[in-house]
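In the text below, chain A, chain B and the rest are named by the order of the sequence lines, each starting its count at 1. In what follows, every heavy atom counts, from backbone to side chain, and hydrogens, waters and symmetry copies are set aside.
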Amino acid sequence: MADLEELYREIILDHYRSPRNRGELASPPAHRTEGFNPLCGDEIVVTIDVLDGVLQDIKIAGQGCSISQSSASLMSGAVKGKSIPDVRSTIATFKTLMLSHESHLGDGDAEPEAVDLKSLGELAALQGVVKFPVRIKCATLGWNTLTQALDEAGA
Amino acid sequence: MADLEELYREIILDHYRSPRNRGELASPPAHRTEGFNPLCGDEIVVTIDVLDGVLQDIKIAGQGCSISQSSASLMSGAVKGKSIPDVRSTIATFKTLMLSHESHLGDGDAEPEAVDLKSLGELAALQGVVKFPVRIKCATLGWNTLTQALDEAGA
Amino acid sequence: MINEAEIRAAFPLLKRELHNTPIVYLDTAASSLQPQRVIDAMSHYYANSHANVHRGVYGTAEEATGLYEGARHAVGSLIGSKHPAQEIVFTKNTTESINLFVNSWGGTKLGPDDAVVISIMEHHANIVPWFVLQERIGFELRWIGVDGNGELMLDNLDELLTGAKVLSVTAMSNVLGTINPIAELAAAAHRHGAIIHVDGAQSVPHLPVDVDALDIDLMSFSSHKMLGPTGIGVLWARREILTAMPPFLTGGGMILDVRTDGFTPADGPSRFEAGTPPIAEAVGVAEAARYLKELGLDAVRDHEQALTAYALDRLFDAFGDELTVHGPRDVARRGGVISFTLGEVHAHDIAQILDSHAVCVRPGHHCAKPLMRHLGVPATARASFGVYNTTADADALVEGLRDAAKLFA
Amino acid sequence: MINEAEIRAAFPLLKRELHNTPIVYLDTAASSLQPQRVIDAMSHYYANSHANVHRGVYGTAEEATGLYEGARHAVGSLIGSKHPAQEIVFTKNTTESINLFVNSWGGTKLGPDDAVVISIMEHHANIVPWFVLQERIGFELRWIGVDGNGELMLDNLDELLTGAKVLSVTAMSNVLGTINPIAELAAAAHRHGAIIHVDGAQSVPHLPVDVDALDIDLMSFSSHKMLGPTGIGVLWARREILTAMPPFLTGGGMILDVRTDGFTPADGPSRFEAGTPPIAEAVGVAEAARYLKELGLDAVRDHEQALTAYALDRLFDAFGDELTVHGPRDVARRGGVISFTLGEVHAHDIAQILDSHAVCVRPGHHCAKPLMRHLGVPATARASFGVYNTTADADALVEGLRDAAKLFA
Ligand SMILES: Cc1ncc(COP(=O)(O)O)c(C=O)c1O
Ligand SMILES: Cc1ncc(COP(=O)(O)O)c(C=O)c1O
């Protein structure tokens, strides 16, 4: 059951119980994007406010399991106030962490890269997810939604 | 291989090589019916001439395996000139002979009846077919076509 | 009576461990386990009798054909079909069976002024094909509601059926466990001149089902939920109805003749079985049907009903108001499918924690999103019983859930 | 090089006897035999890892999902698919694959002014679905002819392809054995702005096939002809094409969302896999694909080509002008499928007499009636080779035929 404790770390349960940056920004002016996991029904709504190349504000709504909701909450804290390139690079780092397992199931093209866990800060708490392949989709839902929001907002 | 010799009795090969009542009657006045075995592509064309309750004439055309063609040839000899009730009863007797195996595969409702082989005369040569379930459809093709022809002709 | 030890010994997967703990399989509503004799029947078929069916004259081709056609009898006999050779069509699963029915029958018998009646508790397999056909033809789709007890609301049934050509409804909900009154629904449909198609995916494996006694017209079900292999499903249809249905999938094996300007379809079930059918799978589902018949569906039902009663009691004892179970409380009106939520713990997390106890349940919408919307929950955890489950399995479920409740307290 | 003894030992059905004579299986074009490792892979799956795929979080559900998705890779790798996770759709057989393609792609991309090109040598599976769609949409169906050598007549190909949207053609005839020039046909189709769908039912099991090198767009094939189980087939399609195709069969597993007023389909192959898929069968076909890859399709082809050359020589030596073999004489241009007639002996009788020698061949129209009409024969007997056949099998065929010739002399 060691794996299970790695999955449900205290920090994850805390973000699930008390999600940060919860709610929706008024849109417009903010950009609003919905993400959806058809297999389990989890939903994440990301609203972002981009100005001068910086993610000025972000809010998260939706519902779902502890992993999808806490991951989105952790994400909001990690990207808020950052420049768009920094946001994109944080997303990329996080996805690489998740991919270190997914590549087994994927097309097999991508070689897993080493991830600098320190650079992820609190986000590193999500690394336990990697041992639970079906939960990776939960953990990445918010991140994929944010990427889509950035793309749609032309940021 | 004893079974095989029972299937290909000399009388069957003889009727295959020299089919009796071969050809087609002019229709009208004769009635013409085509029979078809979709599994193997065998075809039998039966033309009949019914008058005064008697099957005055019958001709067989078509092509197919030795069993389907010889069975139809044997049939033509057995029914030609007979009264319609006699024809129908010959058909029934023959079908019962064939069914003594088919009932295993069918709905299981019909109990196989004992068949008076003597009453079948030359037709009894076809009893070897019963041991080859897939060939029963060949042997009965001409008979089913004749039944259909009688029904269509209102005889 | 079910001999638990004997039955459990028959299912090899029950010897499996997860995380060093013997597996507690509570996901039979998604797919059942297979007894060794079903697995062996298929292995034996491949090693001894495999050949393509219908057109061969050599020994093994005849054997394979006999086994394949014989499977219609074994399966038909389980559900009381009087003419299995003419009424049992093999498909790949319940979903294909329903698609076949909807497209072949619905595609030719329905017009823009007709109505089709289904229920809010249907599995997507009995919803989406109607949407697709509706787009093409434009009939009205009417929904039977579900009450607070998880049962069909039938007070306005006559109204719903007025002008309807078909009622298509599940015999047992795969989410709520609700057993629907099929005989009553069939009588009502016929009173209104409609036919009734039953989704038997959850009922055929768990309840005595007699298509004649129920007086229904068509029924779809899956082998893999009734102790049989994957890859094969069944559409049963009364002869008169099947005979009037045009082909759906087309190709070899379902034709009388093909010319360069058209084709003539074959008669009987083979009209709907284009291409090489699932032969080994037919051997497997026939063996599963024989096994179920030997056990007796009455005994299976009794066993599972008693187990469901036990499990519900234990669950409510342990979790009280924290636990919400969707569907009827009266075990006489429900099968062994228990969908629940537990406080604030998400279904996905429940299932994950239970997995660490080797308890296998399924989280999610169970392919019944209209019902989930109606229930107002995004997902439930679902524990479902098979004949091989015991009270010890229900106990393991409760113990695992205590852990989940503690972790998320 | 094929090690005959080793290979034959791998196929348990070859230990079978018919009429006290060891079986001589010459019906691989209808369905192949399965090696023990394929049978074992499925038994092992049922006994250890069975669960429904995609929605479970517990151990065996994850394993089953991994095995099922992994099967796309094993199968894709055999045919050179670069993106198997996005390009391999599992169906129940070639016939369903073609129906899916014809209805989903054809149903949305074809209009009454378009043309579809097929050939006279197609199997019914690549003819009848076009007829059915044509009835609904009304496009023109054009036929590539077959010459006296049993090869496609391609001199008017440009004419046939002018205004055509799709060319759908078999890579190897299941009657004539003819190997068609797929790369050339693909180039021609693309030159005319058409796509090409290939019926690979006979080519994938017997020839090296690389969808990229051939530059084709879609291909259908069946597991049961490539040493795998019944109950599963494959539609391979290039990503861009698959992405643009709407669902065909609908239900659970292929949706993003279902409401009471409509639904949103999922992306990728699962959009076409409604309902519980053939999971054990995917495990089986993956094992078959791995086995074929280990043997090497080049080696398989060499073995079968040499055997075909030997058999043709022996047959003509024995029967001379009495024997008609349909299809190319040049074994470089044909696979190991030998359709023949012998004097006045009907194909059905030939097969029957051969059965008494334990020699398994198939008589009939082989689901290719337009071709049979073109050849002017109602039926042929067909002997077809697999990798497990040897020259001794060809000898047994010749000996059996001597008996037939004698009986009907
Ligand atoms: C060339 C060809 N196409 C299609 C098929 C149909 O395959 P299946 O029966 O597996 O659907 C066959 C096999 O009979 C074939 O030989
Ligand atoms: C009530 C009901 N209908 C239909 C289905 C679909 O069955 P299959 O996935 O075997 O097609 C299921 C199983 O998920 C079900 O429970």
Side-chain angles (χ1 to χ4, degrees), chain C residues 12-13 16 18 27 30-31 33-34 39 43 46-48 50-52 55-59 92-96 99 123-125 127-129 131-132 143 222 224 229-232 249-252 255 257-258 260 262-263 274-276 278-281 351-352 355 360 362-364 367 369-370, chain D residues 12-13 16 18 27 30-31 33-34 39 43 46-48 50-52 55-59 92-96 99 123-125 127-129 131-132 143 222 224 229-232 249-252 255 257-258 260 262-263 274-276 278-281 351-352 355 360 362-364 367 369-370:
Chain C
L13 200 137
R16 187 54 212 269
L18 294 175
D27 198 19
S31 197
L33 304 179
Q34 291 77 19
I39 303 171
S43 301
Y46 281 121
N48 292 278
H50 175 66
N52 213 328
R55 281 170 296 268
V57 297
Y58 54 86
K92 70 174 166 178
N93 51 28
T94 300
T95 303
E96 188 197 333
N99 275 269
H123 186 280
H124 293 163
I127 299 175
V128 186
F131 283 159
V132 176
W143 300 77
S222 285
H224 72 93
T230 56
I232 188 165
L249 300 182
T250 58
I255 57 103
D257 194 18
V258 177
T260 49
F263 74 104
T276 302
I279 311 171
E281 291 77 6
Q352 191 77 62
D355 168 65
C360 306
R362 193 154 290 247
C367 294
K369 292 205 83 170
Chain D
L13 201 138
R16 186 56 210 269
L18 294 176
D27 199 19
S31 197
L33 304 179
Q34 291 76 20
I39 304 171
S43 302
Y46 281 121
N48 292 278
H50 174 66
N52 213 327
R55 280 171 297 269
V57 296
Y58 54 85
K92 70 173 168 181
N93 51 29
T94 300
T95 303
E96 188 198 333
N99 274 270
H123 187 280
H124 293 164
I127 299 175
V128 186
F131 283 159
V132 175
W143 300 77
S222 286
H224 71 94
T230 56
I232 189 165
L249 301 182
T250 57
I255 57 103
D257 194 18
V258 177
T260 50
F263 74 106
T276 303
I279 311 170
E281 291 76 6
Q352 190 78 62
D355 168 65
C360 306
R362 193 156 289 247
C367 294
K369 292 203 84 169

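In this structure, chain D has a heavy atom under 4.5 Å from the side chain of C:I255, while its backbone stays farther away. For chain D, the nearby part of C:H123 is the side chain; its heavy atoms alone come within less than 4.5 Å. For a residue to count as touching a neighbouring chain, one of its non-hydrogen atoms must lie under 4.5 Å from one of that chain's; by this rule C:T260 touches chain D with backbone and side chain alike. Heavy atoms closer than 4.5 Å to chain D are found in both the backbone and the side chain of C:N52.
The minimum heavy-atom distance between D:V57 and C:Q352, with the atom names listed, is CG2-N, 3.8 Å.
Chain C forms more heavy-atom pairs under 4.5 Å with one residue of D:S43, D:G262, D:A125 than with any other, namely D:G262. Among D:G364, D:G59, D:G251, the residue making the largest number of heavy-atom pairs under 4.5 Å with chain C is D:G251. Contact tally against chain C (heavy-atom pairs below 4.5 Å) for D:I127, D:I279, D:L33, D:T276: the top residue is D:T276. For chain C, the option among D:P229, D:C360, D:A351 with the highest count of heavy-atom pairs below 4.5 Å is D:C360. Of the listed residues (D:T94, D:I232, D:V132, D:V128), the one with the most heavy-atom contacts under 4.5 Å to chain C is D:V128. Between chain D and the residues C:S31, C:C367, C:A47, the largest count of heavy-atom pairs under 4.5 Å involves C:A47.
Not a single donor-acceptor pair under 3.5 Å links the side chain of D:H50 to the backbone N or O of C:Q34. The backbone N or O of D:T250 lies less than 3.5 Å from a partner atom in the side chain of C:N99, making a donor-acceptor pair.
In this pair, C:F263 and D:F131 present their aromatic rings parallel. The plane angle is below 30°, not in the 30 to 60° band.
Residues passing the side-chain contact (heavy atoms from CB on, under 4.5 Å) test with C:A274, sequence neighbours excluded: C:L249, C:M254, D:T95. Scored by the side-chain hydrogen bond (donor to acceptor under 3.5 Å, both in side chains) test, D:Y58 finds C:D27, C:R362 as partners (sequence neighbours excluded).
In this model, no donor atom of one side chain and acceptor atom of the other lie less than 3.5 Å apart for D:T230 and D:E281.
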